[in-house]
Amino acid sequence: MERLKSHSEFVAVLKRRHKVSRNDIVVHYLVRDDSHTRPSVAPEARRMGLAVSKSVGNAVTRNTVKRRFRVLARAYEDRLPEGCDIVMRAKPSAAGAPFASLDTQVASAFAKIAERIDRER
């Protein structure tokens, strides 16, 4: 899964206000129309950004949460449609959540996003 790299890419996803919320995470999503993306980005690429604020914990805790999110997003990225950008935002409770719980939440959130996008098309 590629990364959202610039602030404007993050803002574009968050501005659309499409989101799926679970106990410990919120996943904001946007299907690109490719009119506002860099030419170097493949149209079928799925991209991800992470938002883990200081309310989640200290730097070690935040980095652990980010590492977990990257692993889980990689595991379930095939559930998302092509050309989908997501921003995974950690709620403060994500720091203490067991990995299995986060696994279930990410799988569920990605499936819900795919369902909503299919319904819109």
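- Distance check: C84 SG to I113 CD1 gives 6.0 Å after rounding to the nearest 0.5 Å.
- Formation of a donor-acceptor pair under 3.5 Å by the R68 side chain with backbone atoms of L102 is not found in this model.
- D24 has its side chain within reach of Q105: a pair of non-hydrogen atoms, C-beta onward, lies under 4.5 Å apart.
- Applying the 4.5 Å side-chain rule to ILVMFWY residues, one finds that V60 remains a lone member of its cluster.
- In this structure Y29 satisfies the ring pair (Phe, Tyr, Trp, His ring centres under 6.0 Å) test together with H18, sequence neighbours excluded.
- Residues satisfying the side-chain hydrogen bond (donor to acceptor under 3.5 Å, both in side chains) criterion with N63, sequence neighbours excluded, are K66.
- I25 and F69 get closest at one heavy-atom pair: CG2-CZ, 3.1 Å.
- Contact between F110 and V27 at its shortest, heavy atoms only, is CE1-CG1, 4.3 Å.
- No continuous path of hydrophobic side-chain contacts links V52 to V11 [ILVMFWY only; heavy atoms under 4.5 Å].
- Judged as a side chain to side chain contact (heavy atoms under 4.5 Å, CB included), and not counting sequence neighbours, the contacts of S21 are V26, K91.
- In this structure, the side chains of M88 and V106 come closer than 4.5 Å at one or more pairs of heavy atoms.
- For R62, there are no side-chain hydrogen bond (donor to acceptor under 3.5 Å, both in side chains) partners, not counting sequence neighbours.
- Taking both residues in full, the closest heavy atoms of V65 and A90 are given as CG1-CB, 3.9 Å, listed atom of the first, atom of the second, then distance.
- The shortest side-chain heavy-atom distance between R47 and R32 falls under the 4.5 Å cut-off.
- Annotation: salt bridge (Lys or Arg N to Asp or Glu O under 4.0 Å) contacts involving residues 92-113, sequence neighbours excluded, comprise K112-E115.
- Not counting sequence neighbours, R74 has no partner by the side-chain hydrogen bond (donor to acceptor under 3.5 Å, both in side chains) test.
- For N58, the side-chain hydrogen bond (donor to acceptor under 3.5 Å, both in side chains) partners are T61, not counting sequence neighbours.
- Here the straight-line distance linking atom CG of L72 with atom CZ of F99 works out to 4.0 Å at 0.5 Å rounding.
- A distance of 10.0 Å separates CZ of R116 from NZ of K19, quoted to the nearest 0.5 Å.
- Two residues are said to be in side-chain contact when any heavy atoms from C-beta on lie closer than 4.5 Å; I86 and M1 meet this criterion.
- By the side chain to side chain contact (heavy atoms under 4.5 Å, CB included) test, A75 pairs with no residue at all, sequence neighbours left out.
- Residues that satisfy the side chain to side chain contact (heavy atoms under 4.5 Å, CB included) test with L30, not counting sequence neighbours, are A12, V13, R16.
- To the nearest 0.5 Å, the span separating CD on E2 from CE on M48 amounts to 11.5 Å.
- For A107, the side chain to side chain contact (heavy atoms under 4.5 Å, CB included) partners two or more places apart in sequence, or in a different chain, are Y76, R79.
- Shown here for D78 and R46, the closest heavy-atom pair between the two residues is O-NH2, 4.2 Å.
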